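Worksheet for the structure shown next.
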There are 4 protein chains.
Amino acid sequence: MWGSLRPHINQQAQGKEVTDLDEIKNKLRQFALARDWDQFHSPKNLSMALAVEASELLERFQWLSEEQSNNLSVEQRKAVEEEMADVFLYLLRLADKLNINLLSAADDKISMNELKYPAEKVKGSSKKYTEY
Amino acid sequence: MWGSLRPHINQQAQGKEVTDLDEIKNKLRQFALARDWDQFHSPKNLSMALAVEASELLERFQWLSEEQSNNLSVEQRKAVEEEMADVFLYLLRLADKLNINLLSAADDKISMNELKYPAEKVKGSSKKYTEY
Amino acid sequence: MWGSLRPHINQQAQGKEVTDLDEIKNKLRQFALARDWDQFHSPKNLSMALAVEASELLERFQWLSEEQSNNLSVEQRKAVEEEMADVFLYLLRLADKLNINLLSAADDKISMNELKYPAEKVKGSSKKYTEY
Amino acid sequence: MWGSLRPHINQQAQGKEVTDLDEIKNKLRQFALARDWDQFHSPKNLSMALAVEASELLERFQWLSEEQSNNLSVEQRKAVEEEMADVFLYLLRLADKLNINLLSAADDKISMNELKYPAEKVKGSSKKYTEY
């Protein structure tokens, strides 16, 4: 009886994020499997695909001013969102292949950056910022 | 009594993912705020930073064979993990600035790709794959 | 009489390279001028455009094996050539804007690399190579 | 007598460009040969190395405003020049491996772009520009 209740509770526990990283990883794994594309998904190739998608995102901003990039039209924002999704998908696919936990890796990196760039030392100076 | 149990159950339900995307976004926001770096974080600039990090990931694989990329040493894997974390952090920072939900964007993109590349049509053919 | 001979001699002197870097730079300058696009060609923006083109080149190879990349079909080679031309054009445009002599910069860099990677020290070892 | 004059005239004809593209290609070929690095220089790998260098160039501009990128300090300009040289070297190395004539490919591409973007149609409009 408890067992049958738990899944329901779990779903509530995850709250707004119906989809989570593992669920997307699983979908991508099935996607590649169904197409027999896993053979192309070496980490080397996936790093290339990720870089290509990151540049497609870059392309959306290349001729915009910084101010324009802060005020995207609905169409521009939609296009940007799709490119960001592509970057994210390849990042998750690579994380799955290498068995890397992105969330904890990101969390660790923030802690490292806090040590590397002490707020009191680097605050407010673009000059200092660009030197890093 | 139930009430006091629920938080504990919830925490178990979420399992290993103590940190979630929103929590990382918040940390990054605080990080930029404390250093007065928000002024540099236009979407245009963030797209550049993201592309730079994606290429640092690419660099880790540039002289490896595909097979070697499937068999990274502990040190290589650690370096790759850190670069992936950097890509992820800028992706989340940009998502926060543009108020984009990465998880649902990724989920939508998978659905689009399933229509675009029907399994029965593209299965197993590298030729077909490379033509897309 | 001498005057009328000189241009002919000059042309022979340059040999197969009828077009040279300065000629391409000039054409690009005219191209931007005629379209009033110079306003978009800040070095920052040009570095983005160059990176975008470099990734379009990358895209041509992302799912090919190294061996396949050594044996491109006529169509693949043509596509690669066009992407390389795009990279080259933005590189020359940026060099023009910053008044940089690419040929001497490249020559200097080779000399620096010869000091940095002494042949007898790094020869033949992929392990050594990947460590750089 | 004519014969002895010609080389002098030729040298004047080529003007400042003592080094030309073929000379750099040859140096790069010798450089790779002496280190037994040709084995790593598949077109696939070279496209990755080129993209990595293009992003290192991008990195120099990522936190600069467009205006700042138009007014680089001596140190910044020197760093930019070196990254551009790296991009150029990998582009030439790849051109050599694929037996591609970069100058004529670039020249062809300009002609194609002139047809694709007629000056009278696209002139002066950033909106039009960004739509391409």
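Chain naming here is simple, since letters A, B, ... match the order of the sequence lines and numbering starts at 1 in each. Reckoned from all heavy atoms, side chains included, excluding hydrogens, waters and symmetry mates. Just so it is clear, the structure is predicted and the values come from calculations on it, not from any experiment.
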State, to 0.1 Å, how close C:Ala85 and D:Ala105 come at their nearest heavy-atom pair, and which atoms those are.
CB-O, 3.6 Å
Looking at CD of C:Gln76 and CG of D:Leu98, how far apart are the two atoms once the value is rounded to the nearest 0.5 Å?
11.0 Å
Under a 4.5 Å heavy-atom cut-off, does chain C meet the side chain of D:Gln62, its backbone, both or neither?
backbone
Shorter than 4.5 Å, heavy atoms on both sides: which option in C:Glu120, C:Lys97, C:Met112 has the most such pairs with chain D?
C:Met112
Between C:Leu57 and D:Leu94, is there a side-chain heavy-atom distance shorter than 4.5 Å?
yes
What closest approach, in Å, do C:Ala54 and D:Ala51 show between heavy atoms, and which atom pair accounts for it?
CB-CA, 4.1 Å
If you measure from OG on D:Ser69 to CE on C:Met48, what distance do you get to the nearest 0.5 Å?
11.0 Å
Find out whether D:Leu103 and C:Leu21 are in side-chain contact, i.e. whether some heavy atom of one side chain is under 4.5 Å from a heavy atom of the other.
yes
When the 4.5 angstrom heavy-atom criterion is applied to C:Asn70 and chain D, the contacting part is both
pair C:Leu89-D:Asn113: side-chain heavy atoms closer than 4.5 Å:
yes
Find the distance between CE (C:Met84) and OH (D:Tyr90) and round it off to the nearest 0.5 Å.
14.0 Å
Rounded to the nearest 0.5 Å, what separates atom NZ in C:Lys109 from atom NZ in D:Lys27?
15.0 Å
Report the relative orientation of the aromatic rings in D:Phe31 and C:Tyr117; use parallel for angles under 30°, tilted for 30 to 60°, perpendicular for over 60°.
perpendicular
Non-hydrogen side-chain atoms of D:Asp107 and C:Glu23 separated by less than 4.5 Å
no
Go through C:Ala119, C:Ser65, C:Pro43 and name the one with the most non-hydrogen pairs under 4.5 angstrom from chain D.
C:Pro43
Counting heavy-atom pairs under 4.5 Å with chain C, the top scorer among D:Val87, D:Ile110, D:Leu72, D:Leu28 is D:Ile110
Are D:Leu50 and C:Leu58 side-chain neighbours, meaning at least one heavy-atom pair lies under 4.5 Å?
no
Close side-chain approach of D:Arg35 and C:Glu114, heavy atoms under 4.5 Å
yes
Any heavy-atom pair between the side chains of D:Ile100 and C:Arg77 that's under 4.5 Å?
yes
Going by the rule ring pair (Phe, Tyr, Trp, His ring centres under 6.0 Å), which residues pair with D:Phe61 if we only count those two or more places apart in sequence or in a different chain?
none
Spacing of CG belonging to C:Asn99 relative to CD belonging to D:Glu81, to within rounding of 0.5 Å
10.0 Å
